[in-house]
Amino acid sequence: MKILKFGGTSVGSIESLKALKKVVENNLLQKNKIILVVSAMGGVTNNLLKMAEEAVNGTDFSLALADLEKRHFAVVKELVPLQQQNQVITKLKLYFQELEDILQGITSLKELSIKTKDMVLSFGEKSAALMISRILGPVFENTEFLDASQIIKTDSSFGNAKVNFGQTNLLIQDYFSQHQNHLIVATGFIASDNENRITTLGRGGSDYTAAILGAALNVSQIEIWTDVNGMMTADPRRVKKAFSMEELSYTEAMELSFFGAKVIYPPTMIPAFLKKIPIVIKNTFEPDFAGTFIKHDLKPSNTTIRGISSVDHISIINIEGSGMVGKAGFSGRLFSLLSREQVNVILITQSSSEHSITFAVNPDDAVKAKVLIEQEFELELLAGKLEPVKVENNLSILAIVGENMKKTPGISGKLFYSLGRNGVNVVAIAQGSSEYNISVIIYNSDLSKALNAVHDAFFAELQKTLNVFMVGVGNIGKELLSQIKGHKDFLAKNNLINIQILGLSNSRKMLVDAEGIDLNNWQQSLEQSSAEANLEGFINQMKTLNLPNCVFIDNTASPYPSKFYKQAFEANISVVTCNKIANSAEYAQFADLKETAQKHGVDFYYETNVGAGLPIIKTLNDLMISGDKISKIEAILSGTISFIFNNFKGDANFHDVVKLAQEKGFTEPDPRDDLGGVDFMRKMLILARNAGFALEANDVKLGAIIPDAAAKAASVADFYKELQNENKYFEKLKNDAEASGKVLRYIGKLENGKVEISLQSVGADHPFYALSGSDNIIAFTTDRYNETQMVVKGPGAGAAVTAAGVFADLVKVGASKA
Ligand SMILES: NC(=O)C1=CN([C@@H]2O[C@H](COP(=O)(O)OP(=O)(O)OC[C@H]3O[C@@H](n4cnc5c(N)ncnc54)[C@H](O)[C@@H]3O)[C@@H](O)[C@H]2O)C=CC1
Ligand SMILES: N[C@@H](CC=O)C(=O)O
Ligand code: NA
């Protein structure tokens, strides 16, 4: 035998009642013996309460009452067989007449006691159960309505009555033994005291009815039919990746629902739990979904936590002062005061020095609690033994829950790492010694970010989402987006990293879409965006969305985006860039950016600043962190110039080769930066800084490659014109080198903390002689790589290799522990 309990949303409309009927039919088809427990139609309990209030205030409740009737009659007309409709409507009318009499009584007496409220509320359950029993008549002939208040007996604590189980169990067993061949549709929530006055069972009362009946009759299962797919790993309105739990223990259900989860209120399930009756949460609107099982004997779980619960709005009250230290009765006095005055304390933390107690309450109770405490501890406050009581608002609680957490080290580390890395400030912490729950109090504005970050961190079998905002969609940016698009599925499957592009900007337009930009037509979307490019606005939107695992990518050659890197770090957003400007401007800025990123625990990756995708920064960092000392770096770091010297052969024209380099995407957006040596200078400076030398740009001795007239040309067009004029100059350079069996190479050197870059002719004996294409080469001489240098060599420019380097940096951000 099973109990099927249907909540307000499952009985709230014609559609949902049709779905309920299907569920019942399916059960009967499978020859299941079932008992139904139903709540009032969704919203009816609140309407009844409102009517009672209207009645006591002397306001007219007749419209509301008429509405209530209409709602029920509409259902009857649609779902009860025609020949029985009058009979049901007559019965309902009797109920509503009785209700009206009571409401009128309330108006005359100008008094609304909890006792009367219980009576008013009972009409919601009674009307629903009566009506549903008749809807099910055609499905099962012996369908019977049960006013369960007749067999569930309680004390007289109206509003939240205590069940007298001895008497109740006997009455239940007796009733059901006499109705063995019936399909019973029972009211939830209501009961009666010894004098047969209606009582109610408090929060989650209909679930409680189901559990009481289930335990008394020793059923095999209790099903709670609602409008969601079981219990979710986190609030699905905030965490898109939240998923339904297959099963959880009773303790876990308790812990999870203590904060938040509204699906069931587990304390009401205790009678069922004590008898080890499994409880299943099912979805009336998706009956094929297996549901969430709350039971004993769970399968081994591969996650340490079961779920995350949260309370959106709380306030905390902090009391501190020397008056509390060593005072055994202090917290007793405090908490009995709060309990006596019905202030519900949601969470408590106390410092081990006993110097302070912090507790969380509903915001509505905060001021009341403060005043109560100030009255109770007036003397201590006057004597300065307690500091003024502090209230802090706009806070939330996030709690991770799971029985596997017990005695598993590293859980709190993971929790706090993911919060810290995402810039979530933890205001207070509580862990029960049961170790089933760690709760943190955070600012409400951080709750969504925190829930997503923690969900990503703990449900490792799910993908972690990187939320990416990108400026610069030119040569490199465009290629990067195409690489991401092509490799996204692979990363999601093999590395569990889901890359979402939420923001794009070029110098004209920008586009931010919190749902993610479709990479199949990002160009069109960006073009059609109504937002003009506005970097400050772009950054503000990125910060306001306050997302976890957020990354800002700068693929521009502009100095402007770098002005925002620090702000990004301060908002716990990582930065990945191929733009060299930030790291080659003043040393102080470079140092400050590195320090800020580190302080906020986020990443700052710029591998492509030197040698494009070649592992140069990484190699240098590895040498540095393992304690090696760089004595010399020699390098060719301009892909453009390499390409030019490797192709400026035979009758090639210098101007045309430079043009070709630009067409191939090797040059900077402004090729004067390459040919004038600035780009190389920036790279050497970035290397030197990463090798520990606090150099500025003007410390680099920069030798020229091209005559001044070309290097200083007023525009790119003028620059190319100048190159046409200088062909002879370059011919001579080349021929002179060739005459002595040498080639031209533009070489940078860092030695003894000094950097110089010069144009040299090198012979076949020089390690940099044999380079082809756009190759870069870098040779590190260090304490450990002394006799033979460590050399990295390969193509050091071009969209494909550069974008790949940026992409790898991005994935590295995703691969970090939180
Ligand atoms: N070409 C290569 O092989 C390598 C290039 N890089 C670096 O890559 C970066 C990009 O180079 P390219 O893609 O060739 O440049 P590009 O000129 O093709 O593209 C630059 C993009 O940035 C946008 N942009 C410029 N200023 C902006 C602003 N203030 N706000 C928003 N968007 C802005 C432009 O609209 C364009 O979409 C440069 O910093 C370059 O040094 C780094 C390593 C290798
Ligand atoms: N323009 C640069 C590209 C890499 O930074 C070069 O030519 O090396
Ligand atoms: Na590199």
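These numbers come from a predicted model, not from an experiment. Quick note: numbers below take in every heavy atom, side chains included, and nothing from hydrogens, waters or symmetry partners. Start at 1 and go down the list; that is how both ligands and their atoms are numbered.
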Considering only NZ, NE, NH1 and NH2 on the basic side and carboxylate oxygens on the acidic side, decide whether E668 and K580 come within less than 4.0 Å.
yes

With rounding to 10 degrees, what does the angle E607:O / the Na ion (ligand 3) / A612:O come to?
90°

Between V610 and ligand 2, find which residue part has any heavy-atom pair under 4.0 Å and reply side chain, backbone, both or neither.
neither

Starting from atom 7 (O) of ligand 2, which protein heavy atom do you reach first, and at what distance in Å?
T640 OG1, 2.5 Å

At a 4.0 Å threshold, what atoms of ligand 2 neighbour a non-hydrogen atom of T667?
1 (N)

Under 4.0 Å between a side-chain nitrogen and a carboxylate oxygen: does that hold for D809 and K618?
no

Protein heavy atom at shortest distance from atom 5 (O) of ligand 2
K580 NZ, 2.8 Å

SB check K754 D699 (cutoff 4.0 Å):
no

For atom 3 (C) of ligand 2, grab the closest protein heavy atom and report residue, atom and distance to one decimal in Å.
F666 O, 3.4 Å

Does even one non-hydrogen atom of N609 get within less than 4.0 Å of ligand 2?
no

Which atoms of ligand 1 are found less than 4.0 Å from any heavy atom of N579?
39 (O)

Give the atom numbers and elements of ligand 1 that come within less than 4.0 Å of a heavy atom of K580.
41 (O), 42 (C)

N579 vs T556, test: side chain to side chain donor-acceptor pair (under 3.5 Å). Steps then yes/no.
CA-CA 6 Å; N579 185 345; T556 72; 3.2 Å; yes

Please classify the D679 to ligand 1 contact at 4.0 Å (heavy-atom distances, strictly less than): side chain, backbone, both or neither.
neither

So, are E527 and R508 salt-bridged, with charged N and O less than 4.0 Å apart?
yes

With a cut-off of 4.0 Å, which atoms of ligand 1 are near a heavy atom of T667?
1 (N)

Polar contacts were defined as any N/O atom of the residue lying under 3.5 Å from an N/O atom of the ligand; does this apply to G474 and ligand 1?
yes

Just which atoms of ligand 2 are under 4.0 Å from any heavy atom in D679?
1 (N), 2 (C), 6 (C), 8 (O)

Could you tell me whether the side chain of P548 reaches within less than 4.5 Å of the side chain of D456, counting heavy atoms only?
no

Hey, looking at atom 1 (N) of ligand 2, which of K683, Q662, E668, R682 has the closest heavy atom?
E668

Note: ligand 1 atoms sitting under 4.0 Å from heavy atoms of A797 are 3 (O)

What I'd like to find out is whether the side chain of L481 reaches to under 4.5 Å of the side chain of M470, using heavy atoms alone.
yes

With the side chain counted from C-beta on, respond yes when D446 and K449 share a heavy-atom pair under 4.5 Å apart, and no when they do not.
yes

Report, in ascending order of atom number, the atoms of ligand 1 lying under 4.0 Å from any heavy atom of T802.
2 (C), 3 (O), 4 (C), 42 (C), 43 (C), 44 (C)

Proximal ligand 1 atoms for G798, defined as those under 4.0 Å from one of its heavy atoms
2 (C), 3 (O)

Using heavy atoms and a 4.0 Å limit, tell me yes or no: is G796 in contact with ligand 2?
yes

Using distance alone, determine whether A797 and ligand 2 share an N or O pair under 3.5 Å.
no

Using a 4.0 Å cutoff against the non-hydrogen atoms of T608, which atoms of ligand 1 qualify?
42 (C), 43 (C)

Polar contact flag for G477 and ligand 1 (N/O pairs, less than 3.5 Å)
no

Looking at F590, is R689 sitting on its ring face, NZ or CZ under 6.0 Å from the six-membered ring centre and within 45 degrees of the normal?
yes

If I apply the N/O under 3.5 Å rule, does I476 come out as touching ligand 1?
yes

